[in-house]
Amino acid sequence: YTLEISATVSIRTIHIAQTQYQSQFNRYATSLAELGPPASGSANASAADLIGNDLANGKKQGYIFTVTGSQGGYVVSAVPETFNTTGSRTFYSDQTMTVHEHYGPEPATPQDPEMK
């Protein structure tokens, strides 16, 4: 359960980073790498240094995260690395910052209930 809470905190971290990214580069990041730290040199649009390496690499505390671009925004998905071991819920969110949760191994969608 605590890993699921951690996953939702990471989703919120991604939203904050996306807001900063959008104000810097006039678009949302279309991958976690774009939000993450640069391999070398200074931060730029392909590595804005807004989230840590673990999250930028897509895995944090038992969950796998992805960010993809969408028309007018972005989509965040979080699924357990090992269903029923690291989590029993999947999460979906987008630029609206509403988090949807799904009980089961299938990735959550906007049709799933909002997290309260």
Side-chain angles (χ1 to χ4, degrees):
Y1 184 73
T2 52
L3 293 176
E4 293 176 346
I5 298 299
S6 172
T8 62
V9 169
S10 291
I11 290 169
R12 287 185 176 83
T13 299
I14 291 168
H15 286 313
I16 292 165
Q18 283 282 25
T19 302
Q20 293 171 306
Y21 189 96
Q22 208 273 339
S23 73
Q24 285 180 317
F25 303 107
N26 282 335
R27 67 174 179 89
Y28 290 113
T30 57
S31 69
L32 288 167
E34 286 184 332
L35 296 172
S40 62
S42 56
N44 57 55
S46 59
D49 205 11
L50 299 171
I51 59 174
N53 241 339
D54 51 356
L55 197 50
N57 289 328
K59 281 188 184 179
K60 186 170 184 174
Q61 294 182 312
Y63 267 77
I64 299 169
F65 296 88
T66 55
V67 166
T68 52
S70 68
Q71 181 118 18
Y74 61 93
V75 170
V76 181
S77 175
V79 297
E81 267 187 83
T82 310
F83 185 73
N84 272 342
T85 302
T86 59
S88 58
R89 287 185 287 173
T90 60
F91 301 99
Y92 168 96
S93 196
D94 59 24
Q95 70 280 351
T96 65
M97 298 191 187
T98 302
V99 178
H100 299 267
E101 62 184 342
H102 179 79
Y103 285 87
E106 307 81 15
T109 70
Q111 285 69 49
D112 283 303
E114 285 183 30
M115 246 186 97
K116 298 289 182 237

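- Of all the heavy atoms in G87 and Y63, the pair that sits closest is CA-OH, 3.7 Å.
- Residue pairs that meet the side chain to side chain donor-acceptor pair (under 3.5 Å) test with at least one member in residues 10-20, sequence neighbours left out, are H15-Y74, H15-S93.
- Closest heavy-atom contact between A7 and F65: O-CE2, 3.7 Å.
- In this structure, L32 CG and T68 OG1 are separated by 9.5 Å, a value rounded to the nearest 0.5 Å.
- Across E101 and D112, no two heavy atoms sit closer than the pair O-CB, 3.3 Å.
- A side chain to side chain donor-acceptor pair (under 3.5 Å) check over residues 34-51, counting only residues at least two apart or in different chains, returns the pairs R27-E34, T30-E34, N44-S46.
- Atom CD1 of I16 and atom CG of L35 lie 12.0 Å apart (nearest 0.5 Å).
- The heavy-atom pair separating A43 from A48 by the smallest distance is CB-O, 3.5 Å.
- Atom CD in E4 sits 8.5 Å away from atom CE in M115 (nearest 0.5 Å).
- Going from atom NZ of K60 over to atom CG of D54 covers 4.5 Å, rounded to the nearest 0.5 Å.
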May I have the step-by-step check of side chain to side chain contact (heavy atoms under 4.5 Å, CB included) for T66 and V76, ending in yes or no?
-> CA-CA 6 Å; T66 55; V76 181; over 6 Å; no
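- Here the straight-line distance linking atom CG of L3 with atom CD of Q61 works out to 6.5 Å at 0.5 Å rounding.
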